[in-house]
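Notes for the one structure printed next.
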Amino acid sequence: MRIVVLAGGIGGARFLRGLKRAVPDADITVIGNTGDDIHLFGLKVCPDLDTVMYTLGGGIDEEQGWGRAEETFHVKEELAAYGVGPEWFGLGDRDFATHIVRTQMLNAGFPLSAVTEALCDRWQPGVRLIPMSDDRIETHVAVTLPGGDGGDGSAAGSGERKAVHFQEYWVRLRASVPAEAIVPVGAEQAKPAPGVLEAIAAADVILFPPSNPVVSIGTILAVPGIREAIADAGVPVVGLSPIVGDAPVRGMADKVLAAVGVESTAAAVAEHYGSGLLDGWLVDTVDAGTVERVEAAGIRCRAVPLMMTDVDAAARMAQEALALAEEVRGA
Ligand code: FO1
């Protein structure tokens, strides 16, 4: 069975680990989000691609969900000693090697898709990981930062509106100020990476894991041609809600959902994707009361446990998603 999965970071990666266990013989292609990418210290860092690669390759820091296991931070400490920032993004020594190899290959003229394939040669994730695009796309967030404290003479609370890089919003600001707009800069001019549209066209089923619907899956769908290819694929498209009991299971999805006017509920996220895209939607058992509303939106819906407490739990979720896909296919 050929499965295509649109994946962001931690939630997507953990779901994929379950999917691999549920259907070990399936041919899985992951279309990875690159909107989180950031250029630091002259290096290109691809957090979501690396999270999938490390998680499925066995190198992830399990409890953090990102970065390498058994990490040290000597390079980071030395950079700080030189007063070279930013200090708010925790890049470890082992992780730096990935960004050095990636940047070296990009500078030699290899596209990001070829670089990702080369990095995966080492990690053997057991899936084909393709960036959504080889073109540069970076998600920026419009915010109003609280005004100065008057120390510089500006009126306190004057509020300075600016666009910050997604990682600065997510990691330095901890999403502590409302996201007023989310813009995947460069998406309009970008093309799907080689293999993306072909994988979608050849898929037997397409899955939206519990990744962030705005800055992860939403960003992948913003690459011209990808949303249309999925809508036209003619195979079941099934998603799993990242929102359980009106709150995101992890991260701060509710903050970015508000930016696009979507309430933080399992049903609202399904409606946000729309029946033009989604054929089926899994909500957690605590949201069983919302099944009717999702079905009224023209999307088949089932309530099943959606907490990925371990790989077996994620595998059960994957099986439920595939079963719903078969039910939809037969409809
Ligand atoms: N997330 C954090 O909350 N704090 C960090 O210092 C941090 C560093 C980091 C370094 C490499 C990497 O691949 C991911 C990293 N992340 C960090 C996670 C990153 O912000 C992800 O993009 C988000 O978790 C969303 O997927």
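When a ligand or atom number is given, it counts from 1 through the structure's own listing order. Reckoned from all heavy atoms, side chains included, excluding hydrogens, waters and symmetry mates.
Between M1 and V205, the closest side-chain pair of non-hydrogen atoms falls below 4.5 Å. The closest side-chain heavy-atom distance from T29 to R2 is not below 4.5 Å. In this structure the side chain of I28 reaches within 4.5 angstrom of the side chain of L16, judged on heavy atoms.
At most 12 heavy atoms of other shown residues, nucleotides or ligands fall within 6.0 angstrom of atom NZ in K191. In this structure, E327 places its CD atom where more than 12 heavy-atom neighbours from other residues, nucleotides or ligands lie under 6.0 Å away.
For ligand 1, the polar-atom distance check against Q167 finds a nitrogen or oxygen pair separated by under 3.5 Å.
For atom 15 (C) of ligand 1, the nearest protein heavy atom (residue, atom name, distance) is W66 CE3, 3.5 Å. Closest protein heavy atom to atom 3 (O) of ligand 1: R174 NH1, 3.2 Å. Of the protein's non-hydrogen atoms, the one nearest atom 12 (C) of ligand 1 is P47 CB, 3.9 Å.
The residue E168 has no part lying near ligand 1, judged by heavy-atom distances below 4.0 Å. Contacts of D48 with ligand 1, taken as heavy-atom pairs under 4.0 Å, involve the side chain alone. When heavy-atom distances to ligand 1 are checked against a 4.0 Å cut-off, D95 comes that close only through its side chain, counted from C-beta outward. For W88, every heavy-atom contact with ligand 1 shorter than 4.0 Å involves the backbone, none the side chain.
Atoms of ligand 1 found under 4.0 Å from any heavy atom of W170, numbered from 1 in the order shown, are 20 (O), 23 (C), 24 (O), 25 (C).
Heavy-atom separations between V171 and ligand 1 include at least one value shorter than 4.0 Å.
Taking a cutoff of 4.0 Å between a charged side-chain nitrogen and a carboxylate oxygen, R128 and E198 do not qualify as a salt bridge.
Relative orientation of the Y273 and F208 rings is perpendicular, given thresholds of 30° and 60° on the angle between their planes.
With atom 6 (O) of ligand 1 as the reference point, the heavy atom nearest to it among G67, S216, G90 is part of G90.
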**OP:** Evaluate side-chain contact (heavy atoms from CB on, under 4.5 Å) for F41 paired with H99, printing each intermediate quantity in order.
**Re:** CA-CA 10 Å; F41 315 112; H99 313 316; over 6 Å; no
